[in-house]
Each structure stands twice: as C-alpha cells, then as structure tokens.
Amino acid sequence: MPELPEVEITRRGIAPNIVGQHVITVVARIPALRYPLPVRFDKLLSGKVLRKIERRGKYLLFDFDTGVLLVHLGMSGSLRLVPVALPAQKHDHVDLVFGQTILRLRDPRRFGAMVWIDGDPESHPLLSTLGIEPLSEAFSASWLFAITRKRKAAIKIVLMDSHRVVGVGNIYASESLFRAGIDPRSPAGKISLKRYERLAPAIKETLSLAIAAGGSSLRDFVHSDGSLGYFQLQAFVYGREGELCRICERPVRMIRQGQRATFYCPHCQR
DNA sequence: CTGGTCACCTGGAAGC
DNA sequence: TGCTTCCAGGTGACCA
C-alpha cells in the first residue's frame, strides 16, 4: 500500500508518540516476513529507547542506541498506534509495546520486512544500493538526463528502479508522467533535457502534494491512528482505464510494463 | 552493466 | 452460491 508519501506520513504520524520512549516488550507472532524477523527480537529491544525515526526511500529506520530497526511495509503493510488492550487481529504480526501504546505492524501479504542493523546503516546491503531521494536537491532534470543517456528502458521503468531513484512507485510514476506530459513508454535515453525539466518538478510536486494532503490517493491507505486516507488527491490516470482524461476528455489507456499496470493519456502524453 | 522475468503471499473483485 | 481467474501500493534474485 505504501509509496514514499505514505511511508513519510506514517513516520510523521507515529514519531511524536513513541520517540523518546523505551520498548517494554516485543511480540512477534510469525517467524518471518520477507526476511526472518530479528532473533530474540524481544530481548533485542526490551528496555531500549527509541531515539528517532528516519526514512530512506520506502524504508523506515527506527534508531535505538544499540542499532537500527529497519522496517519496510511492502505492498500491504501498515503501522498503527493502538492501545495496549486492543487484541491483535489476523495479519497483525508484530507489536512493539511502548508503555500504554503499541506500535502494531499489520501486513497481510507479508512482503514487508523488519531487519536489525547493528553496524552502519548506510553500508547495509538493503540501503547501500538505494538511489537518490526524489525530494532532494540532487534529484534534478540534469541528473535525470545524465543517468539516462543511452538507456533504452522505458522512462516509467527507470523511475521505478529504486537503485536509481527511491520512493517512486507504480501510482506516482504514472501520475508524475501524466503531469509532465510524457509517454511512459518513451525510452529514457531519448528524452530531452527540456522534457526532464518538466518531469523532475512533476515528480517532486506529485510526491509533495500527496504528503501535504496527509492522506493519499491510495484506496485503502491506513493512517497510524487507524483512520483511512482522504482521497483528496484525485488521480489523473491511475486506475482510470477507459475513463475520460481530466484534461482532454479522451479515454485513459492501460498497458503493462514490467508486469505492472501503467495508465496514461495517449493524447496528453507524448 | 542492461533489460527482462520470476518469486514471494493473501484477499478482494470479477467472471462464469 | 460457489468455483476459478485475475489483480494489487515492492523489490531482490536470477538469466541471457
């Protein structure tokens, strides 16, 4: 369920409530998500103070004095703050208990991850290979232009490659390309600097707006307090196959790229 | 390196 | 109603 904006909203939602507090206990109800959960998870974190929560791409880094708990929400994960008395439901796999509050991970598909890092997080294999942050200054038209020279892959595929740029998932990739008026199938190496000068800001805007909306365009995004996203951000194209483009009123088309659905307007995106 | 495919897993919706 | 098929927000592993 989460792309970068949802992960960032989750971070902002939970951090004020648990940062500075110590873990009372950890309850893990299954042995593994995508990877095995940390061994002796409870012993590892009990009594440890959570110093801060940072985000890198779609990963959350829970910073304890003794190391970092790396959390990824995969396709279907959510983190919520719930009262200690609230019984766990199906797919509630991990609880970090802080005083009267539990940070509860729910993840039906179990593509998410919780991994303990006790060295330098930057050099951990899951983090060291990540690309740059799309909301950073380094992410720019000239950077996009430079890294795509001679690349034949479709621009949408490149945008979604987390080893180049992090956090741009399937929905916001389609939406950003629509905003920039670029055909998602265009070979990345054939796109001009001028067009990247539309695309880079379009990506930043799309992500920033989603964060600012504090919800998202995602159908079933769940906030850390359990409330649902607000749908304030209307998708221009995502999920709208056959419906009319909000700009030109011609039908939105869906294609498959790399086994993922891509939505675009053939008239507005060239 | 690049570009393409597969696997991991569950549940909801659509089709018959 | 019930069975089958397809689809979903991600990403590492593997192949040529």
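Numbered from 1 within each chain, the chains take letters A, B, ... in sequence-line order.
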OP1, OP2 of C:dT11 versus side-chain N and O of A:His72: anything below 4.0 Å?
-> yes

Looking at C:dA8, does its base get a donor-acceptor pair with the side chain of A:Arg109 below 3.5 Å?
-> yes

Going by atom types alone, do A:Gln257 and A:Thr262 pair a side-chain donor with an acceptor below 3.5 Å?
-> yes

Upstream residue (5' side of DNA chain B) when A:Arg34 and A:His91 are each assigned their closest nucleotide | A:Arg34

Establish whether the base of B:dC9 is bridged to the side chain of A:Arg110 by a donor-acceptor pair shorter than 3.5 Å.
-> no

Side chain of A:Arg164: nearest nucleotide among C:dG10, B:dT2, B:dT10?
-> B:dT2

Base, sugar-phosphate alone, or nothing: which one does A:Arg149 contact when heavy atoms must sit under 4.0 Å apart?
-> nothing

Taking any strand in view, what nucleotide pairs with B:dA13 in a Watson-Crick or G-U wobble way, both distances under 3.5 Å?
-> C:dT5

Using Watson-Crick geometry (N1-N3 plus N6-O4 or O6-N4) or G-U wobble (N1-O2, O6-N3), each under 3.5 Å, C:dA13 is paired with B:dT5

Which is true for A:Arg256 with a 4.0 Å heavy-atom rule: it touches a base, it touches only sugar-phosphate, or it touches nothing?
-> sugar-phosphate

Between B:dG11 and C:dG12, how far apart are the C1' atoms? Round to whole Å, please.
-> 24 Å

With A:Ile14, which of A:Ile53, A:Leu50, A:Thr101 fulfils side-chain contact (heavy atoms from CB on, under 4.5 Å)?
-> A:Ile53

Interatomic distance, A:Lys58 NZ vs C:dG12 P [rounded to whole Å] | 10 Å

Answer yes or no: does atom CZ of A:Arg40 have more than 12 heavy-atom neighbours from other residues, nucleotides or ligands under 6.0 Å?
-> no

Residue met sooner reading DNA chain B from 5', once A:Lys152 and A:Gln259 are mapped to nucleotides = A:Lys152

For A:His72 and A:Gly112, indicate whether the former's side chain and the latter's backbone hold a donor-acceptor pair under 3.5 Å.
-> no

For the pair made of CG in A:Asp107 and P in B:dG11, what is the distance, rounded to whole Å?
-> 12 Å

Across the strands shown, which category fits A:Arg151 at heavy-atom distances under 4.0 angstrom: base, sugar-phosphate, nothing?
-> sugar-phosphate

Does one hydrophobic cluster hold both A:Ile191 and A:Ile255, with members joined at side-chain heavy-atom distances below 4.5 Å?
-> no

Ring stacking, A:Phe111 with base of B:dC8, under 5.5 Å and under 30°?
-> yes

Using whole Å, report how far CG of A:Asp161 lies from C1' of B:dT2.
-> 11 Å

Between B:dG11, C:dA8, C:dG12, which nucleotide has the shortest distance from any of its atoms to the side chain of A:Ala261?
-> C:dA8

Respond yes when some side-chain nitrogen or oxygen of A:Lys90 is under 4.0 Å from OP1 or OP2 of B:dG11, and no when none is.
-> yes

